[in-house]
Amino acid sequence: MAIRFGRHLPTTLFMCLMLATGSGWMADALAADSGLADRVVVHKSEHKLYLYNAELLLGVYKVALGLSPVGQKQRERDFKTPEGRYFLARRNTRSDYFLAIQVSYPNKVDELRAHQKGWAPGGSIMIHGFPNSPHHPTAYYESNDWTDGCIALSNSDMVEVWMRTQDNIPIDIYP
């Protein structure tokens with residue numbers, strides 16, 4: 001059986017190559033058309049994560065936060081989710097949670113604030129799904145703030161956020 005690629009194969013390969021290499025206007029145009037986010041916004045008080053491409057809202061997702069979600073993260077083990085501008089730093093498929101995208105916390109302001117008080121600022125803030133080895137029923141993770149300071153989504157929402165974001169895009173976390 002012969003496989004026929006059709007007359008659009010060269011164009012398709014070129015567009016894939018341009019997108020994969022991040023080449024200029026072509027990548028920007030394809031990203032907008034494909035539903036890729038260029039920024040993430042989290043409103044802690046709403047327990048919502050928003051994906052945007054320019055001003056176009058691509059998706060809204062329910063999130064769980066740190067065990068003590070109100071207020072700015074001050075130090076490690078305070079169970080708060082940070083507030084401010086950060087960036088998606090890297091992806092981890094081997095996390096203890098279903099997929100994980102690292103947030104670039106702490107930034108310079110966070111480090112200075114913690115060090116002025118003699119504290120370690122903490123780190124390893126992630127956007128992730130539910131635990132791979134849960135200690136509670138699924139309903140617990142769906143209805144409570146349960147992380148050490150991370151932003152958690154259902155596993156199905158995590159897949160969508162994973163697929164619609166790229167590293168180095170901004171994430172703004174508001175109270």
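- Using a distance-only test at 3.5 Å, with no hydrogens or angles considered, a donor-acceptor pair links the side chain of Asn92 to the main chain of Arg94.
- Distance check, rounded to the nearest 0.5 Å: CG of Leu65 to OG1 of Thr81 gives 4.5 Å.
- Taken to the nearest 0.5 Å, the NZ atom of Lys44 stands 13.5 Å off from the CG atom of Leu49.
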Would you tabulate the side-chain donor-acceptor contacts of residues 134-141 under 3.5 Å, counting partners in other chains and residues two or more places apart, or write 'none'?
{"unit_1": "Tyr141", "atom_1": "OH", "unit_2": "His135", "atom_2": "N", "d": "2.9"}
{"unit_1": "Tyr141", "atom_1": "OH", "unit_2": "His136", "atom_2": "N", "d": "3.2"}

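- Residues Asp78 and Arg75 are not paired through a salt bridge, judged by the lack of any N-O separation under 4.0 Å between the basic side chain and the carboxylate.
- Partners of Phe79 according to the ring-ring contact (aromatic ring centres under 6.0 Å, His included) rule, which considers only residues two or more places apart in sequence or in another chain, do not exist here.
- The shortest non-hydrogen separation linking Gly122 to Pro106 is O-CD, 3.5 Å.
- Under 4.0 Å is where a charged nitrogen must lie from a carboxylate oxygen, and between Glu83 and Lys73 no such pair does.
- Between His128 and Tyr97, the ring planes are parallel. Angles under 30° get that label, and only those over 60° would be called perpendicular.
- Contact of the Ile171 side chain with the Phe87 side chain is not registered, since no non-hydrogen atoms from C-beta on lie closer than 4.5 Å.
- Contact detail for Asn53 and Leu36: the closest heavy-atom pair is ND2-O, 2.7 Å.
- Considering only heavy atoms from C-beta on, Leu112 stays 4.5 Å or farther from Asp110 through its side chain.
- Remark: Arg91 engages Asp167 in a salt bridge (charged side-chain N to carboxylate O under 4.0 Å, His left out) (not counting sequence neighbours).
- Under a hydrophobic-cluster definition in which Ile, Leu, Val, Met, Phe, Trp and Tyr are linked whenever side-chain heavy atoms come within less than 4.5 Å, directly or via other members, Val70 and Val42 are assigned to different clusters.
- Summarising the geometry of Pro121 relative to Tyr105, their closest heavy-atom pair is O-OH, 2.7 Å, with the distance given to 0.1 Å.
- With rounding to the nearest 0.5 angstrom, the CE atom of Met126 is 12.0 Å from the CG atom of Leu99.
- Rounding to the nearest 0.5 Å places NZ of Lys80 at 11.0 Å from CG of Asp145.
- Distance CZ/Arg39 to OG1/Thr165: 14.5 Å, rounded to 0.5 Å.
- In this structure, the side chains of Leu88 and Ile127 come closer than 4.5 Å at one or more pairs of heavy atoms.
- The hydrophobic cluster around Trp119 extends to none of the other residues, as no ILVMFWY side-chain heavy atom falls under 4.5 Å of it.
- Here the CG atom belonging to Asn132 is positioned 6.5 Å from the OG atom belonging to Ser95, to the nearest 0.5 angstrom.
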Can you give each donor-acceptor pair under 3.5 Å made by side-chain atoms of residues 148-163, sequence neighbours left out, with the distance rounded to 0.1 Å?
{"unit_1": "Ser154", "atom_1": "OG", "unit_2": "Ser156", "atom_2": "OG", "d": "3.4"}
{"unit_1": "Ser154", "atom_1": "OG", "unit_2": "Asp157", "atom_2": "N", "d": "3.2"}
{"unit_1": "Ser154", "atom_1": "OG", "unit_2": "Asp157", "atom_2": "OD2", "d": "3.4"}
{"unit_1": "Asn155", "atom_1": "OD1", "unit_2": "Phe130", "atom_2": "N", "d": "2.8"}
{"unit_1": "Glu160", "atom_1": "OE2", "unit_2": "Tyr61", "atom_2": "OH", "d": "2.7"}
{"unit_1": "Glu160", "atom_1": "OE2", "unit_2": "Arg164", "atom_2": "NH1", "d": "3.3"}

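- Here Val41 is tied into one hydrophobic group with Tyr50, Tyr52, Leu57, Val60, Tyr174, each link being a pair of ILVMFWY side chains closer than 4.5 Å.
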